[in-house]
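Everything on this sheet refers to the single structure shown next.
All values reported here derive from a predicted model rather than from experimental measurement. Nothing fancy with the numbering, it's 1 onward along the sequence.
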Amino acid sequence: MIQAIDRAANVLRLLQGARHLRISELAAALDLPPSTVHGIVKSLREHGLVAKERGSDRYMLGPALLKLSNVYLDTLDVRARAMRWTRELARRTGLAVRLGAELFDEVIIIHHNRRPDGSQQMLETGLTIPAHASAMGKVLLAYDADYAAEVLGKELRSLTGDTITDAAKLALLLPQITARGLATEQDEAVLGESSVAAPVSDASGNVIAAVAVVLPTSEWPPEDPVLNDLRETARTISRELGSSSWPPQPPERQPDDDI
């Protein structure tokens, strides 16, 4: 591993999630001298990857990352093949739809369809959600034992009072998710918002993404027609990617898996 690149990547990681941090805060988190961190941040600013908050000594992610992320999203085959079907799912259910993929210990929303009711809504494409607090993330954890071990082996941070932060409790849910082909979360990432997600698999049968419908918690639980439409959408996208069967096969778990 190249040390300079590793350190720069860790700076960007610390600034994700709309965090605004001072050099001293970055240095403390990275256990590096402030002068070293200042040099890294200065180089990242030159390339537009980090920006300084106006009128402050705090730093945040820069605009060049948006351009890079859009290039990355445009290369994803799953996104290209799913967009038609997620749009139809939003139309049929009247709900917002997310398509998400693994990004370290988070899920990145690689495509988002707003609720088709004409209301003002933020476009969520490119945003990330901690995997343990997301229905999409729980799907990805359930179908990838290595990913689950990596994510659940770390401290799970709380986003709301309902976020599950007990790794053992979350691990017990994973076999239930593969048995149903669905994962849910209620108020775990954002209060007042809940979601249910289903797996998307490729030609090799591997789960590479998850598709979710998002609804107000006041309307929870989703009705059976919504769940059926969600399953059918996940099945159709998987078929587009060459998958021969759906739902995907759950991973083989060893009795002594350390999660």
Tell me whether [X] shares a hydrophobic cluster with [Y], the cluster being built from Ile, Leu, Val, Met, Phe, Trp, Tyr side chains joined at under 4.5 Å.
X    : Y    : result
L89  : L99  : yes
V107 : M83  : no
V214 : M122 : no
W220 : V190 : no
V207 : L152 : yes

What's the separation between atom [atom1] in [X] and atom [atom2] in [Y], rounded to the nearest 0.5 Å?
X    : Y    : atom1 : atom2 : answer
L215 : E223 : CG    : CD    : 10.0 Å
S134 : I109 : OG    : CD1   : 7.5 Å
H111 : E124 : NE2   : CD    : 11.5 Å
R13  : L61  : CZ    : CG    : 12.0 Å
L127 : E106 : CG    : CD    : 10.5 Å
R157 : T165 : CZ    : OG1   : 12.0 Å

What closest approach, in Å, do [X] and [Y] show between heavy atoms, and which atom pair accounts for it?
X    : Y    : answer
V139 : I177 : CA-CG2, 4.3 Å
A8   : I40  : CA-CG2, 3.8 Å
L14  : A29  : CD1-CB, 3.7 Å
S201 : S238 : N-OG, 3.0 Å
Y143 : P248 : CE2-O, 3.6 Å
M136 : G100 : SD-N, 3.4 Å

For residues [X] and [Y], determine if any side-chain heavy atom of one lies less than 4.5 Å from a side-chain heavy atom of the other.
X    : Y    : value
H132 : T163 : yes
R180 : V196 : no
L191 : D162 : yes
L12  : V50  : yes
R7   : T36  : yes
D202 : V78  : no
E102 : Y147 : yes
D6   : Q3   : no

So, the side chain of S43 versus the backbone of G39: is there a donor-acceptor pair under 3.5 Å, distance only? yes
Around atom [atom1] of [X], are there more than 12 heavy atoms from other residues, nucleotides or ligands closer than 6.0 Å?
X    : atom1 : result
K154 : NZ    : yes
Q249 : CD    : no
Q121 : CD    : yes

List the steps and the verdict of salt bridge (Lys or Arg N to Asp or Glu O under 4.0 Å) for E188 and K138. CA-CA 12 Å; E188 292 186 49; K138 291 177 184 178; 2.7 Å; yes
With [X] as reference, evaluate [options] under the side-chain contact (heavy atoms from CB on, under 4.5 Å) test and give the passing residue.
X    : options            : result
V11  : L21, V41, L49, L32 : V41
I208 : L140, L241, D144   : L241
P130 : V151, L159, L156   : L159

Any chance you could lay out the side chain to side chain contact (heavy atoms under 4.5 Å, CB included) test for R235 and R239, step after step, and finish with the verdict? CA-CA 6 Å; R235 180 184 292 110; R239 189 182 302 123; 3.4 Å; yes
Establish, from distance only, whether the side-chain atoms of D117 and S119 form a donor-acceptor pair under 3.5 Å. yes
T160-D187 side chain donor-acceptor pair, cut-off 3.5 Å: no
Any salt bridge between E232 and R92, counting N to O under 4.0 Å?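 Salt bridge absent between E232 and R92.
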If the threshold is 4.0 Å, N to carboxylate O, is there a salt bridge linking R98 and E193? yes
Could you check L173 against I164 for side chain to side chain contact (heavy atoms under 4.5 Å, CB included), going step by step and ending with a plain yes or no? CA-CA 11 Å; L173 297 176; I164 299 175; 3.9 Å; yes
Does N113 form a side chain to side chain contact (heavy atoms under 4.5 Å, CB included) with R91? I'd like the steps, not just the answer. CA-CA 9 Å; N113 294 94; R91 187 193 68 79; over 6 Å; no
After noting the C-alpha distance and the side-chain angles of V200 and R81, does the key distance pass the side chain to side chain contact (heavy atoms under 4.5 Å, CB included) rule? CA-CA 11 Å; V200 173; R81 293 179 180 271; over 6 Å; no
